[in-house]
Amino acid sequence: LLAEDAPDVDEADAAGWTALMHAVDGGHDEIVEVLLDAGAALDGRNEDGETALHLAASRGREDSTRLLLQAGADLELRDAEGHTPLYRAIAGRHADVIEMLQAAALAKGQGVRSRAALESPEEAIPPRVVESTPAPYTELARARGIEGRVVLMVLVRRDGSVGAASVSEGLESSLDQSALRTVKGWTFAPAMRGGKTVEVVLEVEVEFRLPDRP
């Protein structure tokens, strides 16, 4: 079709979806590559404000994410709900896509540098907790004597608030939800890189320990 009929590669349907978006949504990575080679626009948005990169991130499409990033897709565009592709990847718990998006953000902010340079305290300052509250025990977990830890994957925004959060290592359903609700209310001093605040993903461990019994 592209070779013979020369259609508008960026023509959108009634919902604002382009061929590139449909290819990403369906996991058709070879078609994504063909469309990008044909000059498909990276910043097209559907009626929900989503770009192709938002869709790749939310669906966990690793190869499509890589292709879009290599083509220069904008990491910071926000959908109609104000969410970045990184937020969408975290909400979907797509670890490999999160890693790719963070690596791309580092490269964009710092240029191509060594791992040691990126980890230098003069180059990057990780977020730190400023205000936190302990996660409350649930009656069900207390009655069952459940103890342990919940590990969360958390997006810390540029203003230090918590964005998307998901359970990386669960303990028990009610305690998992207690940890999520509590950590979403925490406040952080945001991460800094190159003198600017940046969004980062980090793991947060929430411990649940029953008081000693006589």
Side-chain angles (χ1 to χ4, degrees), residues 24 41-45 48-133 150-169 179-206:
V24 169
L42 296 167
D43 57 356
R45 295 172 180 268
D48 295 318
E50 299 169 313
T51 64
L53 188 57
H54 280 97
L55 296 171
S58 62
R59 272 60 164 179
R61 308 293 191 208
E62 297 174 33
D63 290 338
S64 288
T65 298
R66 186 178 297 106
L67 290 168
L68 291 165
L69 291 173
Q70 290 171 346
D74 193 334
L75 296 160
E76 299 183 3
L77 292 180
R78 297 177 181 271
D79 61 20
E81 296 180 341
H83 298 157
T84 63
L86 178 57
Y87 185 108
R88 299 289 293 273
I90 296 171
R93 300 175 63 180
H94 304 304
D96 290 337
V97 173
I98 292 169
E99 186 175 351
M100 277 190 280
L101 291 170
Q102 286 213 285
L106 283 172
K108 179 180 179 182
Q110 296 291 332
V112 179
R113 301 189 180 189
S114 68
R115 181 178 178 86
L118 290 175
E119 293 178 348
S120 167
E122 295 182 359
E123 296 289 343
I125 302 173
R128 61 179 176 82
V129 178
V130 173
E131 185 176 348
S132 65
T133 55
V150 177
V151 181
L152 305 178
M153 189 178 298
V154 174
L155 173 68
V156 178
R157 298 187 179 113
R158 290 182 177 87
D159 63 0
S161 63
V162 174
S166 62
V167 177
S168 177
E169 295 180 24
L180 275 173
R181 286 192 300 270
T182 301
V183 171
K184 284 184 177 181
W186 288 9
T187 302
F188 290 79
M192 302 287 293
R193 185 173 296 114
K196 298 180 180 180
T197 58
V198 291
E199 287 187 344
V200 295
V201 179
L202 74 157
E203 284 190 341
V204 174
E205 296 184 1
V206 178

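What you see below is based on every heavy atom in this structure, not just the backbone, and it leaves out hydrogens, waters and symmetry mates. Please read these numbers as outputs of a predicted model, since none were measured by experiment.
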With a 4.5 Å heavy-atom cut-off, do E81 and Y87 have their side chains touching? no
Has the side chain of H94 got a donor or acceptor atom that lies under 3.5 Å from a matching backbone atom of S58? yes
Side chain to side chain, V24 and L53, heavy atoms closer than 4.5 Å: no
Assess whether side chain to side chain contact (heavy atoms under 4.5 Å, CB included) is satisfied between L75 and L86, documenting all intermediate values. CA-CA 8 Å; L75 296 160; L86 178 57; over 6 Å; no
Tell me if a side-chain donor or acceptor on R93 pairs with a main-chain N or O of S166 at a distance below 3.5 Å. no
Give, for atom CD1 of I90 and atom NE2 of H83, the distance between the pair rounded to the nearest 0.5 Å. 11.0 Å
Look at the side chain of R157 and the backbone N and O of V162, then say whether any donor-acceptor pair between them is shorter than 3.5 Å. yes
Heavy-atom donor-acceptor pair, H54 side chain to L77 backbone, under 3.5 Å: yes
What distance do R78 atom CZ and T84 atom OG1 have between them, rounded to the nearest 0.5 Å? 5.5 Å
So do L155 and E199 actually touch side chain to side chain, heavy atoms under 4.5 Å? yes
Can you find a pair of side-chain heavy atoms, one from L69 and one from M100, that are under 4.5 Å apart? yes
State, with a plain yes or no, whether a side-chain heavy atom of D43 is found less than 4.5 Å away from one of D74. no
When you check the side-chain N and O atoms of R61 and T65, is any donor under 3.5 Å from an acceptor? no
Does a sphere of radius 6.0 Å around CD in Q70 hold more than 12 heavy atoms from other residues, nucleotides or ligands, not counting ones at 6.0 Å or beyond? yes
Which is it for V167 and V151 under the side chain to side chain contact (heavy atoms under 4.5 Å, CB included) test, yes or no, and what are the steps along the way? CA-CA 6 Å; V167 177; V151 181; over 6 Å; no
Any donor-acceptor pair under 3.5 Å from D159 side chain to S161 backbone: yes
Restricting to non-hydrogen atoms, name the atom on A189 and the atom on V130 that form the minimum distance, rounded to 0.1 Å. N-CG2, 3.3 Å
Using a strict 4.0 Å threshold on nitrogen-to-oxygen distance, state whether D79 and R88 make a salt bridge. yes
Is any side-chain heavy atom of V201 closer than 4.5 Å to a side-chain heavy atom of M153? yes
From R45 CZ over to T51 OG1, what is the distance, rounded to the nearest 0.5 angstrom? 6.5 Å
What is the distance from atom CG of D96 to atom CG of L101, rounded to the nearest 0.5 Å? 11.0 Å
I need the minimum non-hydrogen distance between L42 and A71, along with the two atoms involved. CD1-O, 3.2 Å
Nearest heavy-atom neighbours spanning P85 and A57: O-CB, 3.2 Å
Relative to each other, are the rings of F188 and W186 parallel, tilted or perpendicular (30° and 60° limits)? tilted
With a 4.5 Å heavy-atom cut-off, do V206 and V183 have their side chains touching? yes
Taking the side chain as C-beta and beyond, is there a heavy-atom pair between V198 and P190 under 4.5 Å? no
Nearest heavy atoms of A89 and V97, plus distance in Å: CB-CG1, 3.9 Å
Any chance CZ of R158 has more than 12 other-residue heavy atoms, nucleotides or ligands included, within less than 6.0 Å? yes
